[in-house]
Amino acid sequence: MALALLYVDKKGQLNEPFIGLVRVSDTSAKSLKETVLSLLIKHSLSPSKIRGQGYDGASNMQGKMNGLKALILQETPSAYSVHCFAHQLQLTLVAVAKKHKEVETFFAIVTNVLNVIGVSFKRRDQLREHQTKLLEQLLESGEVQSGKGLYQERGLQRLQAEAFSSKIKAFEFIFLLYLMLKVLIMSNELSKALQKKKQDIVNAMVFLDITKERLQDMRDEGWEPLMDEWLICNILELNSRFDVVSSNLLLGMTSLNPDNSFPNFDKERIMTLAKHYPDEFDELKLPLSRRLDTFI
């Protein structure tokens, strides 16, 4: 496991040093947590000062109940985790697709069609193996006559091609193709914004809101009769992955960006950000609201 830190020094410079690489035999969240904390202590770093954490999308890292992220949050409430937004969007689309049998079947057909017409030798071998098993079943049932060699293989390929052809010409497949095209087009701008190297968080959040509104409009107005049957626009899935805390943290941080005389300064966003760090911004200790008014 690799550990890197991200911090701002006294000069206001952003630093991201690589701390160390540790071999772990147990990848459970509990074991990883102990490894991370011991590594921090080894470098005289206090876990209580953690203000953020980031990992890949594995369940032992990102799990809401027992993931490494959740275990560290239990001890350090201000160690918020903001997962890669582009990956969250991908996971959202995959999760929604898997929830609905018709959509999952649609993508399975698309995958099989691509495999059939693909030029990969590996895929061709896998297809032939599948064909062999299917051919044995067809021969046993008497649905096809026995043959030899290439003729038999080509015959089965034609059978499979004809089966896929009938499926992709069906109304349900064409409808889902059109529907998924619209959904993916709606999320395409958001996906591009989230993958930019120099990411404008405010701009990305705007695209997120626009995407939610478009999907909601599609569900409520233009597609309501059809959505009762196909149920694909799942706003709840987006809301659960792009949670309010992550949005508040990022938008609050951008409000503190000093470039060009604080162009994104927003008092309410900064106040919301401060509420996530009660130890640092106790109203009795620091009248933040009045100081922000004075500052701006």
Side-chain angles (χ1 to χ4, degrees), residues 1-92 94-95 194-199 201 204-205 237 239-257 270 272-286 288:
M1 180 176 64
L3 180 66
L5 296 183
L6 183 65
Y7 70 93
V8 178
D9 60 25
K10 294 180 179 180
K11 296 181 180 180
Q13 298 297 317
L14 187 65
N15 298 276
E16 190 173 8
F18 175 72
I19 298 301
L21 190 65
V22 184
R23 183 180 183 279
V24 289
S25 56
D26 182 3
T27 58
S28 66
K30 183 178 179 181
S31 176
L32 293 176
K33 174 195 166 188
E34 294 173 353
T35 302
V36 170
L37 295 184
S38 64
L39 195 57
L40 290 175
I41 294 173
K42 178 181 177 181
H43 291 275
S44 301
L45 298 170
S46 173
S48 65
K49 296 297 183 181
I50 299 175
R51 292 296 175 267
Q53 47 179 328
Y55 313 101
D56 59 24
S59 59
N60 63 335
M61 307 299 254
Q62 294 287 349
K64 292 183 178 180
M65 299 299 294
N66 299 313
L68 175 59
K69 172 190 73 176
L71 295 181
I72 290 182
L73 271 171
Q74 290 174 8
E75 295 188 10
T76 311
S78 294
Y80 298 105
S81 174
V82 180
H83 186 40
C84 171
F85 273 12
H87 191 205
Q88 288 187 63
L89 178 60
Q90 179 191 10
L91 293 175
T92 298
V94 172
L194 297 177
Q195 293 182 61
K196 288 183 178 178
K197 290 184 177 180
K198 293 184 177 180
Q199 192 176 94
I201 298 300
M205 292 298 99
E237 191 69 34
N239 287 335
S240 66
R241 293 186 182 276
F242 294 86
D243 59 84
V244 175
V245 172
S246 295
S247 299
N248 287 342
L249 289 174
L250 293 172
L251 291 174
M253 292 296 182
T254 58
S255 297
L256 299 171
N257 184 358
I270 297 174
T272 301
L273 173 66
K275 290 178 181 178
H276 292 293
Y277 300 95
D279 293 337
E280 285 83 354
F281 297 98
D282 187 330
E283 190 65 24
L284 296 177
K285 300 177 184 177
L286 182 63
L288 183 61

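Keep in mind that this is a model prediction, so the values were computed, not measured.
Interatomic distance, CZ of Arg23 versus CG of Leu21, reported as 11.0 Å (0.5 Å rounding). With rounding to the nearest 0.5 angstrom, the OG atom of Ser28 is 11.5 Å from the NZ atom of Lys33. To the nearest 0.5 Å, the span separating CD1 on Ile72 from OG on Ser78 amounts to 13.5 Å. Atom CG in Leu251 sits 9.5 Å away from atom OG1 in Thr272 (nearest 0.5 Å). Annotation: the span from Leu71 atom CG to Lys30 atom NZ amounts to 9.5 Å, rounded to 0.5 Å. Residue Thr35 holds its OG1 atom at 10.5 Å from CG of Leu3, rounded to the nearest 0.5 Å.
Looking at heavy atoms from C-beta onward, Leu32 lies in side-chain contact with Val24 at the 4.5 angstrom threshold. Leu256 is listed as a side-chain neighbour of Leu273, based on a closest heavy-atom distance under 4.5 Å. Residues Leu5 and Leu40 have side chains in contact (heavy-atom distance under 4.5 Å, counting atoms from C-beta outward). The closest side-chain heavy-atom distance from Leu6 to Asn15 is not below 4.5 Å. The closest side-chain heavy-atom distance from Glu280 to Arg51 is below 4.5 Å.
For the side-chain contact (heavy atoms from CB on, under 4.5 Å) test with Tyr80, the passing option among Val245, Asn248, Ile50 is Val245; the others fail.
At distances below 3.5 Å, at least one donor-acceptor pair connects side-chain atoms of Ser31 with backbone N or O atoms of Asp26. Side-chain N or O atoms of Ser81 include one that pairs as donor or acceptor with a backbone N or O of Gln53 at under 3.5 Å.
Taking every heavy atom of both residues into account, Ser48 and Thr76 meet most closely at O-CG2, 3.9 Å. The two atoms that bring Ala79 and Leu73 nearest to each other are O-CD2, 3.2 Å, heavy atoms only.
Counting heavy atoms of neighbouring residues, nucleotides and ligands inside a 6.0 Å radius, atom CG of Asn257 exceeds 12 of them.
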